[in-house]
Amino acid sequence: MRLFASRHGDKGRVDTFVQEESKVTCCVDLGLLATSLVLISSTVAHASLDEPSGINLGGTSFMDGFGRTDPGFVYQQYLQVEHYDAINDQNGHSLPAFQGADINAVTSLNQFTYVSPYHVFGGALGVDLFLPIVNLSAGFAPTSPEKLTAYSGLAFGDLTWGPFLQMPAMTIGGGVVFVQRFEFLVISPTGQSNHAVNINPSSGFWSLNAVWAITLLPTPNTEFSTRLNYVHNFQNNNPAGGAAPFRAGDAVWANFAASYKVLPALNLGLNGYYFQQIQNDTVNGETSQNSETINFSLGPGLMYQPDKHNTFFVNAYLPVIERNTTSGFHLVFRWIHEF
């Protein structure tokens, strides 16, 4: 279950961003609910709350297609604060079985990137590793028919890792107009889990995530970015909370953002994501009808680059459409440092 987890002009700054900004890869809104939640109550429609914890819903935003192309190391820190006050059904309505929800996750996601000296099709080959550290909590009204329990204390979430191909920026008249990156990530169920509770740092199953990140710069001060994703999930044969074996349906989604340079080092803009599950879940090998998740969230954001080695982001996400998932908001504070 999800807890929702470059430019043209000022050419000096653009060139610095292209050459010096780190790999902006798939991060995660980790600190996610246990997949067993969907089976707690047989009195409500099955909600597909089972997608893996290692997927990037809004973690990356502005200038997403950019990344380092020369050999070296990059570190990124994502501090994600998430709060949810409802669990929605397939129509986007709060499930009455869960009243007074107060579900929270604070995640420190550590991304380690290495860009190799090797090039394929003109792009730089590299590898990413993501290590999340999660703190979870959950509470419900005393009168709630159903309640969930959460893993207690700090814990490691699932490792995400894989190769990427960062393509060089395309230019017209000396100005950068387009840049892209391709990536293939493996989400490994290595995180900590307590099978006696419902909400755990680990998803408990393997997933594969294909990524295409793009940034387009139509004017000297304007950029548009998107990250297109596909995730394939494998079966969880030993879910937490005593749930039956299940497989979360495959899904597609896009992170998208647009920003405008208001100062030489500051961009302001709008960020969002749209998540669509394209397959129903299966439980004990049987299809669970009407279990696809839809999540559409929007919010403001900013990017601040004080020097060529450091970039800071702040992104907020507020719910627009939430079906078969938790309902609430989250904030992402992100720091990129290139060595």
Side-chain angles (χ1 to χ4, degrees), residues 1-5 21-33 51-64 67-68 73-84 103-114 126-137 150-151 153-162 164 181 183-193 199-204 207 209 211 213 227 229 231 253 255 257 271 273 275 295 297 299 301 303 310-317 326 328-339:
M1 176 181 187
R2 279 168 301 285
L3 284 185
F4 304 157
E21 189 192 354
S22 72
K23 165 73 174 63
V24 187
T25 187
C26 194
C27 72
V28 226
D29 290 7
L30 294 174
L32 306 185
L33 291 186
E51 293 297 330
S53 61
I55 61 175
N56 172 2
L57 289 174
T60 54
S61 56
F62 311 121
M63 309 297 180
D64 201 8
R68 183 172 180 166
F73 291 92
V74 176
Y75 171 75
Q76 294 193 52
Q77 167 60 224
Y78 305 78
L79 177 62
Q80 301 176 146
V81 180
E82 303 163 85
H83 170 72
Y84 302 92
I103 303 169
N104 300 281
V106 178
T107 303
S108 170
L109 178 66
N110 301 274
Q111 177 183 343
F112 305 93
T113 299
Y114 172 66
V127 64
D128 271 314
L129 175 69
F130 304 86
L131 176 63
I133 301 172
V134 183
N135 185 56
L136 301 169
S137 67
Y151 189 101
L154 290 175
F156 289 110
D158 294 339
L159 281 175
T160 299
W161 52 275
F164 65 84
R181 181 178 59 262
E183 188 156 10
F184 184 80
L185 297 169
V186 179
I187 304 170
S188 307
T190 56
Q192 293 171 266
S193 181
I199 304 173
N200 277 286
S202 176
S203 296
S207 298
N209 182 195
V211 180
R227 176 182 291 247
N229 295 267
V231 66
W253 77 97
N255 293 350
N271 40 253
Y273 56 83
F275 180 95
N295 192 320
S297 295
M303 182 187 77
N310 296 282
T311 307
F312 300 90
F313 300 79
V314 180
N315 303 102
Y317 295 92
T326 46
F329 71 89
H330 75 271
L331 299 172
V332 181
F333 303 92
R334 177 166 155 234
W335 169 49
I336 304 172
H337 179 72
E338 181 174 347
F339 296 92

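Scope of the values below: all heavy atoms of this structure, side chains included, with no hydrogens, waters or symmetry mates. FYI, the numbering just counts along the sequence from 1.
Applying the side-chain hydrogen bond (donor to acceptor under 3.5 Å, both in side chains) rule to Asn271 yields the partners Asn315; only residues at least two apart in sequence or on another chain are considered. Residues passing the ring pair (Phe, Tyr, Trp, His ring centres under 6.0 Å) test with Tyr317 are Tyr273, His330, sequence neighbours excluded. Phe73 pairs by the ring pair (Phe, Tyr, Trp, His ring centres under 6.0 Å) definition with Tyr114, not counting sequence neighbours. Not a single ring pair (Phe, Tyr, Trp, His ring centres under 6.0 Å) links Phe156 to another residue, sequence neighbours left out. Applying the side-chain hydrogen bond (donor to acceptor under 3.5 Å, both in side chains) rule to Thr190 yields no partners; only residues at least two apart in sequence or on another chain are considered. Under the side-chain hydrogen bond (donor to acceptor under 3.5 Å, both in side chains) criterion, Gln192 pairs with Tyr151, sequence neighbours left out.
For the pair Phe164 and Asp128, the minimum side-chain heavy-atom distance is below 4.5 Å. Counting only heavy atoms from C-beta outward, the side chains of Arg181 and Asp64 approach each other to under 4.5 Å. When side chains are defined from C-beta on, Phe112 counts as touching Tyr75, because their heavy atoms get closer than 4.5 Å. Counting only heavy atoms from C-beta outward, the side chains of Ser188 and Asp158 never approach each other to under 4.5 Å. The closest side-chain heavy-atom distance from Ile336 to Val74 is below 4.5 Å. The side-chain heavy atoms of Trp161 and Val127, taken from C-beta on, include no pair separated by under 4.5 Å.
With 3.5 Å as the limit, one finds a donor-acceptor pair spanning the side chains of Ser297 and Asn295. The closest side-chain donor-acceptor pair between Asn56 and Asn255 falls under 3.5 angstrom.
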How far apart are the C-alpha atoms of Thr60 and Arg334, what are their side-chain angles, what is the distance that settles it, and do they pass the side-chain contact (heavy atoms from CB on, under 4.5 Å) test? CA-CA 9 Å; Thr60 54; Arg334 177 166 155 234; 4.2 Å; yes
Walk me through it: do Leu57 and Trp253 pass the test side-chain contact (heavy atoms from CB on, under 4.5 Å)? CA-CA 8 Å; Leu57 289 174; Trp253 77 97; 3.6 Å; yes
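Arg68 and Phe339 get closest at one heavy-atom pair: NH1-O, 3.2 Å. Closest heavy-atom contact between Gly162 and Leu185: N-CD2, 4.0 Å. Summarising the geometry of Gly204 relative to Pro189, their closest heavy-atom pair is C-CB, 3.7 Å, with the distance given to 0.1 Å. Considering every non-hydrogen atom in both Leu136 and Pro201, the closest pair reads CD1-N, 3.7 Å.
Side chain of Asn229 to main chain of Arg227: a donor-acceptor pair is present (N/O by atom type, distance under 3.5 Å, no hydrogens or angles). Using modelled atom types, no side-chain atom of Trp335 and backbone atom of Leu79 make a donor-acceptor pair closer than 3.5 Å.
Of the inter-residue distances, the one linking Phe130 atom CZ with Gln111 atom CD reads 4.0 Å to the nearest 0.5 angstrom. A distance of 7.0 Å separates CD in Gln77 from CG in Leu109, rounded to the nearest 0.5 Å. In this structure, CD1 in Ile187 is found 4.5 Å from OG1 in Thr160, a value given to the nearest 0.5 Å.
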